[in-house]
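One structure below.
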Number of protein chains: 2
Amino acid sequence: MTSEEKAPRPLGDLERLVMEQLWAASEALTVRQVHERVATTRDLAYTTVMTVLDRLAKKELTERERDGKAWRYRAAAPREELAVDLMRDALDRAGDRREALVRFVGQVSDEEAALLREALAKLDGDTSGRAG
Amino acid sequence: MTSEEKAPRPLGDLERLVMEQLWAASEALTVRQVHERVATTRDLAYTTVMTVLDRLAKKELTERERDGKAWRYRAAAPREELAVDLMRDALDRAGDRREALVRFVGQVSDEEAALLREALAKLDGDTSGRAG
DNA sequence: GACATCTACGACGATACGTAGTAGATCGTA
DNA sequence: TACGATCTACTACGTATCGTCGTAGATGTC
């Protein structure tokens, strides 16, 4: 049995839009604040935003703290971390990891290849723990 | 507007199980053949397998060709390609690609890091076209 | 106390997916 | 030729997720 973890469902469109507000904000936002920002693009009811935020919290993609009678939401993890989780998950489901990585590297842009080399270079001398 | 392609939905569990049979097979398989293989693990109706195969074909994850009155299905792309598509998609949705790649590289196992280096090395001297 | 603001909870439609039944074409064979 | 096996096509139903809100009720402000 090859590790059968639960695949992280990709976000729906509205969920993503809401998460983007949180990621873009430097502070935790109230439902109203998120609604205001989202409203510049889409005409949504206040409660719709509230529901989405609530569902995201249940999925532990956001965290919330009380602020008076309102909640303030913040992203539970940076956007890039969520992306990496999805990348890992995809890689884990690939049959041949070597093959997958070769394909991946073969598809990235020159710029991304450079970033990868850079990141790999950083690993040298960096002896912090990594999974084996 | 950052390129808003349709996110490739991850496969459902049964869909994945079926795809695995196709990926594992050297030849295109009939519904019956897939059913036989899957039946060693799960008790499913023949038509269930047929439906799944049909849906996968509509999603263009499988291709089919006539063989007498039956269809033969084969995976439209190798397993690793599907994985890479998902990785690309995840990376594209990351805010800061550099940050995402750094995190990604920081999370892979030593073995995977080695594979990445290897794959990147192959890019040198390989002047085949890549996206910019 | 009247009004604004928030949350909690429920709801409904759409879509994806797991799961399967039935009808009807086709093919081999007694 | 009529029979049974095999296949596809089409339909269907239950559950889960997500987009989208509405209503009820608590609380805070003048």
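All values reported here derive from a predicted model rather than from experimental measurement. Each chain gets a letter, A, B and so on, in the order its sequence line appears, and its residues count up from 1.
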Q | Rounded interatomic separation in angstrom, taking OH from B/Y73 and P from D/dC7 | A | 12 Å
Q) Are A/E20 and A/R79 side-chain neighbours, meaning at least one heavy-atom pair lies under 4.5 Å? A) yes
Q: Show your working on side-chain contact (heavy atoms from CB on, under 4.5 Å) between A/R97 and A/D92 and close with a plain yes or no.
A: CA-CA 8 Å; A/R97 274 209 283 253; A/D92 287 342; 3.9 Å; yes
Q: Indicate the atoms forming the closest heavy-atom contact of B/L101 with A/A119, along with that distance.
A: O-CB, 4.2 Å
(Q) Please determine whether residues B/L86 and B/L17 belong to a single hydrophobic cluster, defined as Ile, Leu, Val, Met, Phe, Trp and Tyr linked transitively by side-chain heavy-atom distances below 4.5 Å. (A) no
Q.
Measure CH2/B/W71 against P/C/dT26 and give the value in whole Å, please.
A. 14 Å
Q: Step by step, work out the salt bridge (Lys or Arg N to Asp or Glu O under 4.0 Å) result for A/E99 and A/R103.
A: CA-CA 6 Å; A/E99 170 69 12; A/R103 280 173 184 274; 2.7 Å; yes
Mind listing the N/O atom pairs, protein and nucleotides 13-18 of chain D, below 3.5 Å?
from	atom 1	to	atom 2	distance (Å)
D/dC18	OP1	A/K59	NZ	3.3
D/dC18	OP2	A/K59	NZ	2.9

Q.
Rounded to whole Å, please give me the gap between CZ in B/R64 and C1' in D/dC7.
A. 11 Å
(Q) Nearest to the B/T51 side chain among C/dC6, D/dA9, C/dT19, which nucleotide is it? (A) C/dT19
Q) Does a side-chain N or O from B/T48 land closer than 4.0 Å to OP1 or OP2 of C/dA20, or not? A) yes
Q: Would you name the heavy atoms of A/A100 and A/L91 that are closest together and state the gap between them?
A: CB-CD1, 3.9 Å
Q | Rounded distance (Å) that lies between atom C1' of C/dA20 and atom CG of B/L53 | A | 15 Å
Q: Nearest 0.5 Å please: distance from the CG atom of A/L53 over to the CZ atom of A/R64.
A: 9.0 Å
Q) Which heavy-atom pair separates A/R72 from A/A28 by the least distance, and what is that distance? A) NH1-O, 2.9 Å
Q | Side chain to side chain, B/L61 and B/E15, heavy atoms closer than 4.5 Å | A | no
Q: If a protein heavy atom is under 4.0 Å from the base, mark B; if only from the sugar-phosphate, S; if neither, -; do that for nucleotides 25-30 of chain D going 5' to 3'.
A: --B---
Q: Evaluate the side-chain proximity of A/V108 to B/R88: yes if any heavy-atom separation is below 4.5 Å, no if none is.
A: yes
Q. Rounded to the nearest Å, what distance is computed from the CZ atom of residue B/R16 to the C1' atom of nucleotide C/dC17?
A. 12 Å
Q: Kindly state which residues belonging to residues 33-44 of chain B come within less than 4.0 angstrom of DNA chain C, counting heavy atoms of the residue only, listed by number.
A: B/R42, B/L44
Q: Please report, rounded to the nearest Å, how far the C1' atom of C/dT7 is from the CD atom of A/E65.
A: 16 Å
Q. To the nearest Å, how far apart are B/D54 CG and D/dC10 C1'?
A. 10 Å
Q. Side-chain heavy atoms under 4.5 angstrom apart, residues restricted to Ile, Leu, Val, Met, Phe, Trp, Tyr: same cluster for A/L44 and A/Y73?
A. yes
**Q.** Phosphate-side-chain proximity, B/Y46 and D/dT8, N/O vs OP1/OP2 below 4.0 Å
**A.** yes
